[in-house]
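The figures that follow rest on heavy atoms only: side chains count, while hydrogens, waters and symmetry mates do not.
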Amino acid sequence: MSNPLFDRLFAAGAAEAPAIDAGPRRYSYGDLMAETGRVANALADLGVGPGDRVVVQLDKSVASLVLYLACVRAGAPIVPLNPAYTLAELAYFIADAQPALIVCDPARAEGVAGLAGGARIETLDGAGEGSLADRAAASPARFSAVDRTAEDLAAICYTSGTTGRSKGAMLSQRALATNAQTLAALWRFTADDVLIHALPIYHVHGLFVAVNVALMAGAAMIFQPRFEAEAVIEAMPRATALMGVPTYYTRLLASPRLTREAAGPMRLFVSGSAPLLAATHRQWQARTGHAILERYGMTETGMNASNPYDGLRIPGAVGQPLPGVELRVASEAGAPASPGEIGQVEVRGPNLFSGYWRDPAKTGAAFTADGWFRTGDLGAVGADGYLRLSGRGGDLIITGGLNVYPAEVEAAIDAVPGVVESAVIGLPHGDFGEAVTAVVVCGSPPVSEQAILAALQSHLAGFKRPRAILFAGELPRNAMGKVVKAALRSAHADLYGGAVGQA
């Protein structure tokens with residue numbers, strides 16, 4: 001037997017090769033192996049065994065990354081949580097995950113103690129200090145990775161959630177290892193690469209895409225504690241790749257230091273976790289000479305599709321299915337959708353999660369009878385084979401019996417000069433059932449409601465055009481930058497008052 005994920009993470013990196021550049025401190029692959037050994041021994045001394053969950057709520061640091069790798073090595077599924085969660089929010093995750101160990105910042109230990117139940121609590125801060133660090137420092141570096149099968153759990157990741165209560169997606173060694181290997185090959189990562197890592201590591205994107213891909217390729221990471229546009233630009237001369245969310249790219253574009261020369265040493269810019277505006281894609285290419293590579297994934301599946309490394313990267317499209325991943329679009333009747341027809345996106349492959357933790361009913365509902373995962377996303381595959389997303393199934397607006405896909409309306413609004421971004425929602429309406437409504441963030445000078453509606457007349461059928469346009473300073477977002485439309489629907493639920501016949 002072996003430990004499939006840990007074995008692959010450390011197979012390519014030579015012991016003396018650079019692995020992490022964290023400012024004043026640098027780590028080789030040999031250093032990482034030794035550090036993960038010490039922490040894995042500390043976990044074993046604390047009674048953490050194979051299959052025991054380890055809840056981790058920490059600020060991003062090399063120490064928190066080492067803890068993830070040590071959990072994999074020890075066979076203990078990690079449960080990474082956003083450090084911004086309050087104690088009230090944390091209570092749900094701890095009760096649901098039933099961990100053997102909770103690792104948190106020392107400043108939160110007292111509050112977490114009241115939620116821990118029978119779990120042990122250890123501490124670790126952003127500087128890598130705390131009770132767990134003390135235990136690791138006193139532990140030997142040698143540790144034999146615990147035998148695991150491909151189907152054993154490596155992590156439980158709670159869905160970031162734009163509606164409803166988070167569900168714990170069970171991610172196996174198979175799912176994480178095969179997905180990272182596929183991406184490393186598809187995106188041409190090698191030991192010569194240096195990835196600017198500015199993402200958080202409590203989420204699939206930063207932890208299981210960025211970290212796993214880099215390590216499996218034997219590449220190095222410039223490990224930044226948080227995203228700061230100027231720090232990313234400063235790192236570009238020493239780097240070859242960046243993975244980010246759309247907000248990163250808009251903020252980088254706002255810096256006058258982002259030039260073709262600054263981005264010259266880079267070979268790859270990847271965007272995901274939220275839709276990238278076509279306008280951002282075009283602006284980035286015009287400024288830097290690089291086309292952003294947009295991909296499509298989610299907590300339950302890892303990555304499903306990607307624009308190509310070589311070939312056309314289409315603004316507004318998330319590309320074609322990854323090698324080994326099957327993707328289909330189902331019509332409302334459940335039959336395969338025609339090319340260009342919008343329907344429910346479903347996927348199948350070794351990247352799929354193993355189900356929702358302690359929730360067989362939701363697990364069963366998430367899969368079709370023939371084993372395809374219902375993503376909840378709406379989209380269409382064109383004749384070119386590229387998938388274009390149209391929003392979440394729950395965001396579909398039915399107005400007067402007609403379907404309106406918010407992404408189409410948002411794209412038209414976002415193209416209006418003076419609009420920064422928009423979110424389109426359906427609100428209760430006494431006559432139409434739901435009324436198409438837009439919440440818009442403007443630049444300077446602002447654009448008026450009348451100007452936006454006038455601009456839409458030649459682009460959208462009347463039933464698709466908003467009946468009202470609301471303005472906001474910013475859109476509500478979750479931890480990974482996705483717009484929380486449920487919050488917008490709740491805030492404006494009474495806008496039309498249910499008045500029959502209102503136009």
Side-chain angles (χ1 to χ4, degrees), residues 160 179-180 182-189 195-199 203-206 208-210 213 227 232 240-253 258 263 266-299 301-323 325 327 329 342 345 347 351 375-382 384-392 405-408 410-411 414-415 421-423 477-478 480-483:
S160 56
N179 207 225
T182 297
L183 294 173
L186 189 70
W187 295 342
R188 310 285 176 82
F189 271 83
L195 173 70
I196 301 173
H197 194 300
L199 290 160
H203 187 266
V204 167
H205 192 173
F208 303 138
V209 178
V213 165
F227 172 78
V232 169
T240 63
L242 171 71
M243 297 185 194
V245 298
T247 302
Y248 289 9
Y249 293 102
T250 58
R251 291 181 181 176
L252 286 164
L253 283 166
L258 180 70
M266 303 285 285
R267 69 170 185 86
L268 180 63
F269 293 93
V270 178
S271 181
S273 295
L276 179 74
L277 295 179
T280 303
H281 189 287
R282 289 189 288 267
Q283 290 166 15
W284 187 269
Q285 188 161 16
R287 178 87 73 88
T288 68
H290 291 276
I292 295 172
L293 188 155
E294 191 170 9
R295 88 302 182 274
Y296 164 55
M298 58 196 308
T299 302
T301 65
M303 300 304 104
N304 300 309
S306 172
N307 274 267
Y309 185 82
D310 293 319
L312 189 61
R313 301 176 190 173
I314 302 176
V318 293
Q320 298 175 323
L322 299 184
V325 176
L327 186 150
V329 176
I342 294 174
V345 178
V347 297
N351 56 316
T375 66
D377 290 320
L378 297 172
V381 175
D384 56 9
Y386 283 65
L387 173 66
R388 292 160 177 83
L389 298 175
S390 303
R392 295 288 294 171
Y405 298 97
E408 179 186 9
E410 289 161 358
D414 292 341
E421 61 178 345
S422 63
R477 297 182 184 275
N478 67 14
M480 289 309 296
K482 296 177 184 178
V483 175

So, do [X] and [Y] sit near enough that their side-chain heavy atoms are less than 4.5 Å apart?
{"X": "N351", "Y": "L322", "value": "no"}
{"X": "Y296", "Y": "M303", "value": "no"}
{"X": "V213", "Y": "M243", "value": "yes"}
{"X": "F227", "Y": "L252", "value": "yes"}
{"X": "M298", "Y": "S273", "value": "no"}
{"X": "W284", "Y": "L258", "value": "yes"}
{"X": "Y249", "Y": "L242", "value": "yes"}

Under 3.5 Å, side chain of [X] to main-chain N/O of [Y], donor-acceptor pair present?
{"X": "R287", "Y": "L253", "value": "yes"}
{"X": "H290", "Y": "F269", "value": "no"}
{"X": "H205", "Y": "L199", "value": "no"}
{"X": "T375", "Y": "V345", "value": "yes"}

Please report the shortest heavy-atom distance between [X] and [Y], naming the atom on each side.
{"X": "L183", "Y": "V209", "answer": "CD1-CG1, 4.0 Å"}
{"X": "A380", "Y": "V329", "answer": "CA-CG2, 4.4 Å"}
{"X": "G385", "Y": "P321", "answer": "O-CD, 4.5 Å"}
{"X": "V232", "Y": "A198", "answer": "CG2-CB, 4.3 Å"}
{"X": "G297", "Y": "N304", "answer": "CA-ND2, 4.0 Å"}
{"X": "P246", "Y": "G272", "answer": "CD-O, 3.5 Å"}

Nearest 0.5 Å, please: how far is [atom2] in [Y] from [atom1] in [X]?
{"X": "R477", "Y": "K482", "atom1": "CZ", "atom2": "NZ", "answer": "12.0 Å"}
{"X": "T280", "Y": "I292", "atom1": "OG1", "atom2": "CD1", "answer": "7.0 Å"}
{"X": "L293", "Y": "L186", "atom1": "CG", "atom2": "CG", "answer": "7.5 Å"}
{"X": "L378", "Y": "L389", "atom1": "CG", "atom2": "CG", "answer": "9.0 Å"}
{"X": "R388", "Y": "I342", "atom1": "CZ", "atom2": "CD1", "answer": "11.5 Å"}

inquiry  = Going by the rule side chain to side chain donor-acceptor pair (under 3.5 Å), which residues pair with H197 if we only count those two or more places apart in sequence or in a different chain?
reply    = K60

request  = Apply salt bridge (charged side-chain N to carboxylate O under 4.0 Å, His left out) to D414 and list each qualifying residue two or more places apart in sequence or on a separate chain.
outcome  = none

Sequence neighbours left out, cut at 3.5 Å: what donor-acceptor pairs do the side chains of residues 306-318 make with other protein atoms?
residue	atom	partner	partner atom	Å
S306	OG	W187	NE1	3.1
N307	OD1	I314	N	3.0
N307	ND2	E294	O	3.0
N307	ND2	A317	O	2.8
Y309	OH	R267	NH1	3.2
D310	OD2	R188	NH1	3.1
D310	OD2	R188	NH2	2.7
R313	NE	P308	O	3.0
R313	NH1	A291	O	2.6
R313	NH2	Y309	O	2.9

